[in-house]
Participant: 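Quick one: this structure, given as structure tokens, is what I'll be asking you about.
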Amino acid sequence: MPAGLPSLGVKDGLTRAPHRSLFKAMGYTDEELRRPLVGVANAWNEVIPGHLHLRDLGEAVKAGIRMAGGTPLEFGVIGVCDGIAMGHEGMRYSLASRELIADSIESMAKAHGLDALVLLPNCDKIVPGMLMAAARLDLPAVLVSGGPMLAGRFRGEAADLNTVFEAVGRVSAGRMTLAELAELEDAACPGCGSCSGMFTANSMNCLSEVLGLALPGNGTIPAVHAARRRLAKEAGRVVMEALSQDRRPRSILTPAAFRNALTVDMALGGSTNTVLHLMAIAREAGVEMKLAELNDLAARTPNLCHLRPTGPHHLEDLDAAGGIPAVQAELAGAGLLDTSATTVTGRTLGEVTTGAAVLDRRVIRPVDNPYSPQGGLAVLFGNLAPEGAVVKQAAVAAEMMIHEGPARVFDAEEAAVSAILEGQIRPGDVVVIRYEGPRGGPGMREMLSPTSALAGMGLDASVALLTDGRFSGATRGAAIGHLSPEAAAGGPIALVREGDRIRIDIPVRQLTLLVDDQELERRRAAWQPPEPRVKTGYLARYARLVSSAAQGAVMG
């Protein structure tokens, strides 16, 4: 093992007899204390369905660590279920929890002299929060997620959580009965795991493989498969190997690794939230990332997969088709990846993809016959978003790629949802939801409820939605988020008035408020920042310290 392990300062020598005594109070033996101490950061809880089985996977991780000569020390990490938090006050805490997760892992690792880490998340902000901690601490680390949920079945068709959200809009539009909704509600989510489409959690779990800190299969092996337990054991073994060879996250999280991750993201058509998270992880790793770079990568990367919500396939289908190694092999064969990038296994990305093959061309298309010649995400700029806005263009109907319409302005998500469900939004409208950014929300809420309501009512191909907040990875339609600067910071979105014309041109990456500059200056002079929505507690501190979405919404 490398000399100078952090745990030596905690457990070795005469003055550390009291410390050893406390370890022995927990039943640790002298032999266990002679070994490296490996933290197992486990986000198990009984609140998130994607985390319900992480206690068992934690035991598998610890078995792998012990087999390889380490002593595992497991500790808990919080997590927010975005699906349960969606559409109410709880969603303000989701993105903000990412910082708490990173800070808590840092605190545990530093306070107890841990030598290495295995990170055990599954859903939404827990994955990037743990990757941020790995980059910040730069201790040998492996991430192993809990894996995706299997798709449900409803009347002979595949179903998932997004199916239920969209069904709310269908009931409101008279296109589904309450009895049918109750039947769907019971069937859509059949068991543990991260929600089964290419939503935020699965997007980040897949990209963790590409970044090099997770093992092949991490993003796609279903939660209930035995292969997931074997992967957890292997993660325990690999972290000990990484420790022995001093293989650290910052040597893996290079500019090439982030370019590769963004390239695969474009091919998969992943969640817009990956942009926020990759920027935050890059910041912790000391790697500069700029929003405009995404458009360059999108221009050269074909969109190869149409997983839910963009298309009919689920994560189990991607796994059966060869998983992320197969997607990487397809891209690498076209020269679109830097195959020299290293991974936590010690192998390069090129070596990881060697032998990988696409097993189902319906799920992973070839680069010469993609769903689209351009990647799944795009960043728009213009007088309405000088610092950028993000759209999942792979999920936008062709007729909405260029759109102009009147603004329907709402200062909170709830008001917009009410207007949609009450039939106040018409084809051609541009719904604007503001004061939902990192500072103004606070917490930059995801807005699956309004986009699902539009889809359920059949308006997703005729109504656009703009916000300084975020959208769920399950969102589909012309949903453009992360408008920066945000309204609470005096960004142009704060100046939009009911009826203003807004032009969206996704192919040329433009988002324009069709109001002349003099009028905008008059509005700006009259604008006053709103009172903070939350004045005490963690969210108040978060709002004071958080950066723009254009910088990853990180706390300074």
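As a basis for the values below, the full set of heavy atoms in this structure was taken, side chains included, without hydrogen atoms, waters or symmetry mates.
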Participant: With no hydrogens and no angle check, is any side-chain donor or acceptor of N202 less than 3.5 Å from a backbone partner on C195?
Facilitator: yes
Participant: Answer with yes or no whether the side chains of D160 and H314 bring together a donor and an acceptor at under 3.5 Å.
Facilitator: yes
Participant: I'd like to know if the side chain of E436 and the backbone of A412 have a donor-acceptor N/O pair within less than 3.5 Å.
Facilitator: no
Participant: Work out which heavy atom in A487 is nearest to a heavy atom in D468; give both atom names and the distance.
Facilitator: N-OD2, 2.9 Å
Participant: Do NZ/NE/NH1/NH2 and the carboxylate oxygens of E89 and R533 come within less than 4.0 Å?
Facilitator: no
Participant: Could you tell me which non-hydrogen atom of P406 sits nearest to which non-hydrogen atom of R501, and how far apart they are?
Facilitator: CD-NH1, 3.5 Å
Participant: Atom CD of residue position E46 - does it have more than 12 heavy atoms of other residues, nucleotides or ligands inside 6.0 Å?
Facilitator: no
Participant: Do any N or O atoms from the side chain of R439 and from the backbone of L545 form a donor-acceptor pair under 3.5 angstrom?
Facilitator: no
Participant: Answer whether the closest heavy-atom distance between the side chains of C81 and P49 falls below 4.5 Å.
Facilitator: yes
Participant: I'd like to know if the side chain of N218 and the backbone of S145 have a donor-acceptor N/O pair within less than 3.5 Å.
Facilitator: yes
Participant: Any side-chain heavy-atom pair from V327 and L318 closer than 4.5 angstrom?
Facilitator: yes
Participant: Going by atom types alone, do T512 and N383 pair a side-chain donor with an acceptor below 3.5 Å?
Facilitator: no
Participant: If we ignore hydrogens and angles and just use 3.5 Å, is the side chain of R308 paired with the main-chain N or O of M198 as donor and acceptor?
Facilitator: no
Participant: Kindly indicate whether a cation-pi arrangement holds for R434 with F410, taking the cut-offs as under 6.0 Å to the six-membered ring centre and within 45° of the axis.
Facilitator: no
Participant: Given 3.5 Å as the limit, does a donor-acceptor pair link the side chain of R509 with the main chain of I506, or not?
Facilitator: yes
Participant: Locate the shortest heavy-atom distance separating D82 from S94; write the atom from each residue and the value.
Facilitator: OD1-OG, 2.5 Å
Participant: If I take atom CD1 from residue I281 and atom OG1 from residue T274, how far apart are they, to the nearest 0.5 angstrom?
Facilitator: 9.5 Å
Participant: Regarding N205 and S208, is there a side-chain donor-to-acceptor distance under 3.5 Å anywhere?
Facilitator: no
Participant: Between Q518 and R523, is any side-chain donor less than 3.5 angstrom from a side-chain acceptor?
Facilitator: no
Participant: Could you check I101, N122, L143 and say which one makes a side-chain contact (heavy atoms from CB on, under 4.5 Å) with V127?
Facilitator: L143
Participant: Short question: side chain of D429, backbone of R426 - any donor-acceptor pair under 3.5 Å?
Facilitator: yes
Participant: Provide the closest heavy-atom pair for L483 versus A389 in the form atom of the first, atom of the second, distance.
Facilitator: CD1-CB, 3.6 Å
Participant: S104 versus I78: any side-chain heavy-atom pair under 4.5 Å?
Facilitator: no
Participant: Let me confirm one number: the OH-CG distance from Y538 to L100, rounded to the nearest 0.5 Å.
Facilitator: 3.5 Å
Participant: For the pair R361 and E330, evaluate salt bridge (charged side-chain N to carboxylate O under 4.0 Å, His left out) and give the outcome as yes or no after the intermediate values.
Facilitator: CA-CA 11 Å; R361 284 297 182 186; E330 187 69 23; 3.1 Å; yes
Participant: Could you check whether any side-chain heavy atom of K392 comes within less than 4.5 Å of a side-chain heavy atom of T475, counting everything from C-beta outward?
Facilitator: no
Participant: Heavy atoms, side chains only, cut-off 4.5 Å: are V546 and V554 in contact?
Facilitator: no
Participant: Could you tell me the separation between the CD1 atom of I364 and the SG atom of C305, rounded to the nearest 0.5 Å?
Facilitator: 5.0 Å
Participant: Could you go through the side chain to side chain contact (heavy atoms under 4.5 Å, CB included) check for L520 and R524 one step at a time?
Facilitator: CA-CA 6 Å; L520 289 178; R524 185 176 300 283; over 6 Å; no
Participant: Are K290 and D296 close enough for a salt bridge, meaning some N to O gap below 4.0 Å?
Facilitator: no
Participant: To the nearest 0.5 Å, tell me how far R503 CZ sits from L384 CG.
Facilitator: 14.0 Å
Participant: Donor-acceptor pair, distance only, cut-off 3.5 Å: does the side chain of R445 make one with the backbone of M91?
Facilitator: no
Participant: Of the non-hydrogen atoms in I402 and P507, which two are nearest, and what is the gap between them?
Facilitator: CG1-CD, 4.0 Å
Participant: Does any donor atom in the side chain of N273 or E446 lie under 3.5 Å from an acceptor atom in the other side chain?
Facilitator: yes
Participant: Under a 3.5 Å distance rule, please check whether E166 uses its side chain to pair with a backbone N or O of A455 as donor and acceptor.
Facilitator: no
Participant: Tell me if the CG atom of D516 is crowded by more than 12 foreign heavy atoms within 6.0 Å.
Facilitator: yes
Participant: Among residues at least two apart in sequence or on other chains, which ones pass ring-ring contact (aromatic ring centres under 6.0 Å, His included) with F381?
Facilitator: none
Participant: Which is it for M266 and L294 under the side chain to side chain contact (heavy atoms under 4.5 Å, CB included) test, yes or no, and what are the steps along the way?
Facilitator: CA-CA 9 Å; M266 295 295 176; L294 272 70; 4.0 Å; yes
Participant: Check whether any side-chain heavy atom of E180 sits under 4.5 Å from a side-chain heavy atom of L184, and report yes or no.
Facilitator: no
Participant: Step by step, work out the side chain to side chain contact (heavy atoms under 4.5 Å, CB included) result for V463 and V431.
Facilitator: CA-CA 7 Å; V463 172; V431 176; 3.9 Å; yes
Participant: Should E157 and R153 count as an ion pair when the cut-off is N to O under 4.0 Å?
Facilitator: no
Participant: Do we see a donor-acceptor contact under 3.5 Å between the side chains of H277 and R98?
Facilitator: yes
Participant: Between N45 and I48 (side chain of the first, backbone of the second, donor and acceptor by atom type, cut-off under 3.5 Å), is there such a pair?
Facilitator: yes
Participant: Between D319 and T220, is the side-chain hydrogen bond (donor to acceptor under 3.5 Å, both in side chains) condition met? List the steps.
Facilitator: CA-CA 5 Å; D319 189 61; T220 61; 2.8 Å; yes
Participant: Do S548 and E387 pair up side chain to side chain, a donor and an acceptor below 3.5 Å, judged on atom types alone?
Facilitator: yes
Participant: May I have the step-by-step check of salt bridge (charged side-chain N to carboxylate O under 4.0 Å, His left out) for R497 and E519, ending in yes or no?
Facilitator: CA-CA 11 Å; R497 292 182 180 174; E519 172 60 19; 3.8 Å; yes
Participant: So, are D317 and R362 salt-bridged, with charged N and O less than 4.0 Å apart?
Facilitator: no
Participant: Got a second to check how far I420's CD1 is from S172's OG, nearest 0.5 Å?
Facilitator: 10.5 Å
Participant: Would you mind reporting whether S472 and M86 have side-chain heavy atoms less than 4.5 Å apart?
Facilitator: yes
Participant: Between F154 and T163, is there a side-chain heavy-atom distance shorter than 4.5 Å?
Facilitator: no
Participant: Run E183 and R155 through salt bridge (charged side-chain N to carboxylate O under 4.0 Å, His left out) and show every step you take.
Facilitator: CA-CA 9 Å; E183 181 184 340; R155 301 195 172 185; 2.7 Å; yes
Participant: Distance check, rounded to the nearest 0.5 Å: T263 atom OG1 versus L331 atom CG?
Facilitator: 7.0 Å
Participant: Is it the case that the side chains of S271 and S203 hold a donor-acceptor pair, with the cut-off being a distance below 3.5 Å and no angle test?
Facilitator: no
Participant: Mind listing the closest non-hydrogen atom pair of S97 and K125 along with its distance?
Facilitator: OG-CB, 4.0 Å
Participant: Apply the test side chain to side chain contact (heavy atoms under 4.5 Å, CB included) to residues L268 and L304: give CA-CA distance (whole Å), side-chain angles for both, the deciding distance (0.1 Å), then the verdict.
Facilitator: CA-CA 6 Å; L268 293 173; L304 305 181; over 6 Å; no
